[in-house]
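Presented below is the structure to which this report refers.
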Amino acid sequence: MQYAGALEKRLLGKTEVSALYTEYRIPYTFRAMEPSFNPTIIEDKWQKKWEEARIYEADLKKAKNPFYALVMFPYPSGDKLHVGHWYNFAPADSYARFMRMHGKDVMAPMGFDAFGLPAENYAIKSGIHPDTSTRSNVQTMVKQLRRMGCMYDWSKMVNTSTPEYYRWTQWLFLQMYERTLAYKKEAPVNFCPSCQTVLANEQAQDGKCERCGTEVIQKNLSQWFWKITDYAERLLNGLEDLDWPEKTKIMQRNWIGKSEGAEITFDIVGHDERITVFTTRPDTLFGATYMVLAPEHPLVEKITPKSHWGAVHAYREGVKKKTELERTDLAKVKTGEPTGAFAVNPATGEEIPIWIADYVLSTYGTGAIMAVPAHDERDFAFAKKFNLPIKEVVAGGNVEEAAFCDEGPAVNSEFLNGLKTSDAKKRMIAWLEDAGKGRERTTYRLRDWLVSRQRYWGAPIPIVYDPEGKPHPVPEKHLPWLLPDDVEFKPTGKSPLMESKEFIRRTEKIFGKGWTPEFDTMDTFVCSSFYYLRYLAGGDEKRIVDPTIERKWMPVSMYIGGPEHACMHLIYARFVMMALKDFGFVSHEEPFKKLVHQGLITHKGAKMSKSKGNVVSPDSFVDRYGSDVFRMYLMFMGPFTDGGDWNDLGIKGIDRFVRRLYALCTESVNKKVDQQKVIATVHRTVKKVTRDIGEMHFNTAISALMELLNLLEEEGGVSKESAKTMVLLLAPLAPHLSEELWEVLGGKGFVIEQHWPLFEEALTKESMVVLAIQVNGKVRGEIEVEANAAKDDVLAKAKEHPNVHKFLEGMVIKKEIYVPCKLVSIVV
RNA sequence: GCCGGAGUGGCGGAAUUGGUAGACGCGCACGACUCAAAAUCGUGUGCCGCAAGGCGUUGAGGGUUCGAUUCCCUCCUCCGGCACCA
């Protein structure tokens with residue numbers, strides 16, 4: 001015990017010694033001068049025992065009561081496990097353990113989302129092959145993850161960058177291709193000049209690259225898409241029954257962006273072609289005083305007369321140069337150019353000018369609009385700027401001053417006049433259908449998923465082209481369609497796979513001279529859209545998943561991960577699951593029945609980042625306090641879904657709690673019979689911890705255990721029975737320590753295999769309770785009464801209280817309220 | 001602009017259906033142990049008061065109620081998401 005002091009003096013004198021301990025990995029025990037408790041030793045011991053007994057390996061076939069506990073699998077970065085991983089995984093593990101103690105057959109797998117840009121960028125810098133760095137990162141992370149002591153079933157591990165895995169990514173592509181859900185199309189797409197690749201819409205939100213923040217530009221490229229839009233309605237309706245955060249559902253709903261309205265066709269003066277528009281306000285057709293085409297609209301070239309072509313062409317070129325961000329900047333002044341062509345308003349028969357303007361998007365609706373400046377803010381601003389007529393067709397506003405976008409009675413609209421907006425819409429649609437000039441229509445903002453990437457480190461798209469350039473699927477027997485090795489990693493905007501001689505030779509050898517492979521790889525979100533099925537596959541080479549096991553284990557019982565995937569991974573995975581169900585490979589439509597997002601851990605009030613220098617490294621804290629204490633502190637900081645700000649000192653509170661608990665269970669367990677107060681508190685604690693962990697309120701569950709410990713210490717000891725109950729309650733939160741204490745207390749088997757303790761409601765209540773006595777809403781005293789005392793007795797006793805009596809003297813009592821076990825309120 | 005969520009001590013946070021606001025923890029102060037420090041333990045920690053007790057209080061203002069952090073209205077601030085979607 002003096003050893004520590006002597007060592008300290010010898011090495012350092014009085015200066016900061018904690019750094020020294022961390023550096024030399026001297027067990028914390030010496031500092032704490034409690035040689036019996038050493039988290040490092042205890043945690044090693046139990047991790048080995050769990051592994052030897054293989055108690056976390058789930059038997060997927062035999063399990064009777066399956067509980068699929070899933071966390072979003074990590075990217076194996078060279079930066080190793082960070083606090084964010086811990087904050088996601090550790091509470092998820094506590095919840096899974098809690099379910100196991102409730103008799104569930106829990107399966108908690110872990111794997112790696114291993115394809116992607118960072119490994120490739122690292123390869124560009126270092127020359128190390130992404131496969132080499134990825135494998136080494138995976139190894140390191142597995143070690144760190146094991147040290148967390150979570151109940152992962154490592155026998156089910158997946159790594160998306162291995163051929164065994166990506167053959168299924170490619171297989172999925174082929175399934176989509178076969179059913180025409182995968183198609184190639186030339187379209188304006190988001191391109192990140194820094195990553196040198198195209199991006200899906202979901203990855204270019206705000207006009208910036210999701211990965212590097214660079215402003216994306218628009219390019220016309222021929223790319224592979226998956227037809228997620230076919231599933232828009234199902235993706236929307238399916239949300240109804242999911243046990244997900246409401247916020248996430250709203251985000252997905254907005255992202256899908258359903259809107260109902262009509263499609264209206266306008267004739268063009270002097271041309272056979274017509275312009276079709278989509279509008280949610282067909283009732284305002286009489287007010288359409290001009291039309292606007294998106295600059296990229298294919299009709300622009302056909303209808304623009306020579307006299308206007310120069311200006312129109314110049315405008316289009318100008319728009320092309322703008323980034324997505326510039327183009328969608330709301331603050332900017334509207335621009336546009338008349339095409340010189342005219343259309344006919346089908347309702348009024350009037351000729352109205354056709355403009356082009358970049359406030360109309362080519363990618364939404366039909367890429368063309370009818371402009372109703374009186375009743376649409378954007379059209380109003382445009383009309384004001386270019387002096388176009390504004391015609392009121394809905395009463396209720398002052399359309400000279402501002403657009404009136406609310407509903408109201410129709411005016412200046414012949415057969416619609418007087419109708420309220422909803423009726424006018426219906427009437428107009430009926431009229432358009434009769435006249436053959438339009439129909440009811442629903443549109444979605446969701447766009448097809450662009451899955452091509454011009455990058456190396458991904459699953460190759462299993463397509464080859466014949467000498468005429470026609471695409472053909474790579475037959476399934478050639479899967480995995482291997483990612484070639486002989487490439488440079490420098491991004492050029494062209495796919496790195498183009499450099500591979502082996503890749504081209506292989507293609508010609510199998511398919512014939514002049515055949516070429518598809519050089520693009522797939523978006524990594526494809527890999528992660530079905531990984532939850534591969535965990536269940538157990539390395540099955542024949543099928544993506546065994547249908548019997550899928551039927552039994554899907555959907556995922558509890559899925560935990562960050563909220564940033566609301567409109568990416570979480571929408572893609574739903575789409576893929578629905579598609580696989582339609583193809584007949586799975587039985588469920590939705591992959592994730594219940595979803596919870598963990599909050600964000602900040603440090604010194606800011607998001608952790610290397611550039612800010614505020615990154616908290618879990619390793620040094622785990623070295624010092626142990627994994628149990630580290631994870632419990634993360635859970636104690638605040639509500640799981642809120643996250644919190646990391647505080648180096650806060651963890652000491654948990655460390656003290658754990659040491660005191662250890663001391664109690666090893667030194668102060670006695671034969672004495674628990675007093676009623678202790679019994680009631682134990683039962684209340686069981687009740688509270690059960691509810692709190694069930695609701696993922698880990699912070700209050702831990703504080704309840706602290707309160708119990710405080711009481712037991714005051715009592716000077718604990719019965720073995722109560723100690724055991726307490727250790728069982730602790731088991732999901734501190735898995736190693738609780739195993740150790742369970743053993744110390746003579747418990748049989750692993751603590752995690754015990755049943756969760758039960759409580760009796762009747763025993764949670766004590767016979768005597770303290771009541772507050774209020775006079776006119778202010779607390780004037782307290783009395784102790786029997787919990788089931790009669791109202792009259794309590795009131796009489798309350799009035800005897802000297803201080804209460806003082807406030808009642810000379811007053812007339814108006815009202816007396818008695819809330820059993822809570823308070824007495826007297827109004828005078 | 002639209003859609004969500006949140007504002008409670010020095011700090012993180014807690015408060016079943018409206019029922020003693022500030023549990024639990026951190027920090028801080030004083031005390032015990034020590035030559036000393038760390039660790040540990042004890043006491044205190046909204047304000048006034050030696051105390052009994054009194055007063056105040058959950059972003060601001062108003063309302064309902066015996067009683068409001070909780071319900072209703074107005075406003076302010078912060079955070080997250082979407083944003084020329086016709």
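Here is how names work: the chains are called A, B, and so on, in the same order as the sequence lines, proteins then strands, and each is numbered from 1. Since we're looking at a predicted model, the values are computed, not measured.
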Q: For A/K652, answer base if it contacts any base atom (sugar-phosphate contacts may also be present), sugar-phosphate if it contacts only those atoms, and nothing otherwise; contact means non-hydrogen atoms under 4.0 Å.
A: sugar-phosphate

Q) Hey, is the side chain of A/K778 poking within less than 4.0 Å of OP1 or OP2 on B/rG54, counting only N and O atoms? A) no

Q: Compare the minimum distances between each of B/rU16, B/rG54, B/rG25 and the side chain of A/F807, then state the nucleotide with the smallest one.
A: B/rG54

(Q) Checking side-chain polar atoms at under 3.5 Å, does A/R631 have a donor or acceptor matched by the opposite partner on A/S94? (A) yes

Q: Take atom P in B/rU58 and the same atom in B/rA68, then report the distance between them in whole Å.
A: 11 Å

Q.
Ring centroids only, cut at 6.0 angstrom: are A/Y633 and A/Y625 within range, meaning strictly under it?
A. no

Q) Okay, side chain of A/H603, backbone of A/N614: is any donor-acceptor separation there less than 3.5 Å? A) yes

Q | Residue A/N803, side-chain atoms from C-beta onward, closest of B/rC84, B/rG80, B/rG54 | A | B/rG54

Q.
Parallel, tilted or perpendicular: which one describes the rings of A/Y359 and A/F382, with boundaries at 30° and 60°?
A. tilted

(Q) Nearest whole Å is fine: how far is B/rA86 C1' from A/F382 CZ? (A) 14 Å

Q | Closest nucleotide among B/rA23, B/rA14, B/rU16 to the A/K822 side chain | A | B/rU16

Q) Between A/N647 and B/rG13, does any side-chain N or O lie under 4.0 Å from OP1 or OP2? A) no

Q) Of all heavy-atom pairs between A/L239 and A/K249, which one has the smallest distance, and what is that distance? A) O-NZ, 3.1 Å

(Q) Check this one for me: any side-chain N or O of A/R656 less than 4.0 Å away from OP1 or OP2 of B/rU40? (A) yes

Q | Spacing of A/D358 atom CG relative to B/rC84 atom P, expressed in whole Å | A | 11 Å

Q: Take atom CZ of A/R445 and atom P of B/rA83, then tell me their distance rounded to the nearest Å.
A: 6 Å

Q.
Give me the distance, rounded to whole Å, that separates B/rG18 from B/rC71 when you measure between the P atoms they each carry.
A. 8 Å

(Q) What is the distance, to the nearest angstrom, from the CE atom on A/M370 to the P atom on B/rC84? (A) 20 Å

**Q.** Span that lies between the C1' atom of B/rG56 and that of B/rU8, in whole angstrom
**A.** 15 Å

**Q.** Length of the CG-C1' vector between A/L649 and B/rG25, whole Å
**A.** 12 Å

Q: Could you work out the separation of B/rC41 and B/rC26 based on their P atoms and round it to a whole Å?
A: 10 Å

Q) Within the structure shown, what part of the strands sits under 4.0 Å from A/P563 by heavy-atom distance: base, sugar-phosphate, or nothing? A) nothing

Q: Check every atom of B/rA86, B/rG80, B/rA14 against the side chain of A/K247 and return the nucleotide holding the closest atom.
A: B/rG80

Q: Please find out if less than 6.0 Å separates the ring center of A/F636 from that of A/W646.
A: no

Q: List in numerical order all residues of residues 249-262 of chain A for which some heavy atom is under 4.0 Å away from an atom belonging to RNA chain B.
A: A/I250, A/M251, A/S259

Q: Indicate yes or no for a side-chain donor-acceptor contact from A/R281 to the backbone of A/C405 under 3.5 Å, with no hydrogens or angles considered.
A: yes

Q | Distance, C1' atom - from B/rG9 to B/rG44, rounded to whole angstrom | A | 15 Å

Q | The single option from A/T421, A/V399, A/I390, A/D406 passing side chain to side chain contact (heavy atoms under 4.5 Å, CB included) against A/H375 | A | A/V399

(Q) Under a 3.5 Å threshold, yes or no: a donor from one side chain and an acceptor from the other, between A/R445 and A/N254? (A) no

Q. What interatomic distance, in whole Å, is found between P of B/rC24 and the corresponding atom of B/rU45?
A. 12 Å

Q.
Which helical stems does RNA chain B take part in, if a stem means at least 3 consecutive Watson-Crick or G-U pairs with both distances below 3.5 Å?
A. B:1-7 with B:76-82, B:10-12 with B:24-26, B:27-32 with B:40-45, B:46-48 with B:53-55, B:59-63 with B:71-75

(Q) Any base atoms under 4.0 Å from A/Y818, or only sugar-phosphate, or nothing? Heavy atoms, all strands. (A) nothing

Q: Before accepting this row, confirm whether a basic side-chain N of the pair A/E246/A/R253 lies closer than 4.0 Å to the acidic partner's carboxylate O.
A: yes

**Q.** C1' spacing across the pair B/rG22 / B/rU69, given as an integer number of angstrom
**A.** 11 Å

**Q.** Syn/anti label of B/rG80 as read from its glycosidic torsion, with the cut at 90° from 0
**A.** anti

Q: Report which part of the nucleic acid A/V770 touches: base, sugar-phosphate, or nothing (heavy-atom distance under 4.0 Å, all strands).
A: base

Q: Using atom CG of A/L293 as one end and atom C1' of B/rA86 as the other, report the distance to the nearest whole Å.
A: 13 Å

Q | Side-chain N,O (A/R780) to OP1/OP2 (B/rC55) below 4.0 Å | A | yes

**Q.** P atoms of B/rG7 and B/rA15, separation to the nearest Å
**A.** 12 Å

(Q) Once you apply a heavy-atom cut-off of 4.0 Å, does A/V360 come out as touching a base, just sugar-phosphate, or nothing? (A) base

Q: Check whether any side-chain N or O of A/K688 sits under 3.5 Å from a backbone N or O of A/A704 as a donor-acceptor pair, and report yes or no.
A: no

(Q) A quick test of your reading: do over 12 heavy atoms of other residues, nucleotides or ligands sit less than 6.0 Å from NZ of A/K677? (A) no

Q) Side-chain donor or acceptor of A/K334 under 3.5 Å from a matching atom on the base of B/rC84? A) yes

Distances under 3.5 Å between protein N/O atoms and the N/O atoms of nucleotides 66-70 of chain B, please, pair by pair.
unit_1 : atom_1 : unit_2 : atom_2 : d
B/rC66 : OP1    : A/K815 : NZ     : 3.2
B/rC66 : O2     : A/S825 : OG     : 3.0

Q) Just checking A/E816: base, sugar-phosphate only, or nothing, at a heavy-atom cut-off of under 4.0 Å? A) nothing

Q: Could you check whether A/N710 gets within reach of a base, just the sugar-phosphate, or nothing at all, counting any heavy atom under 4.0 Å?
A: sugar-phosphate

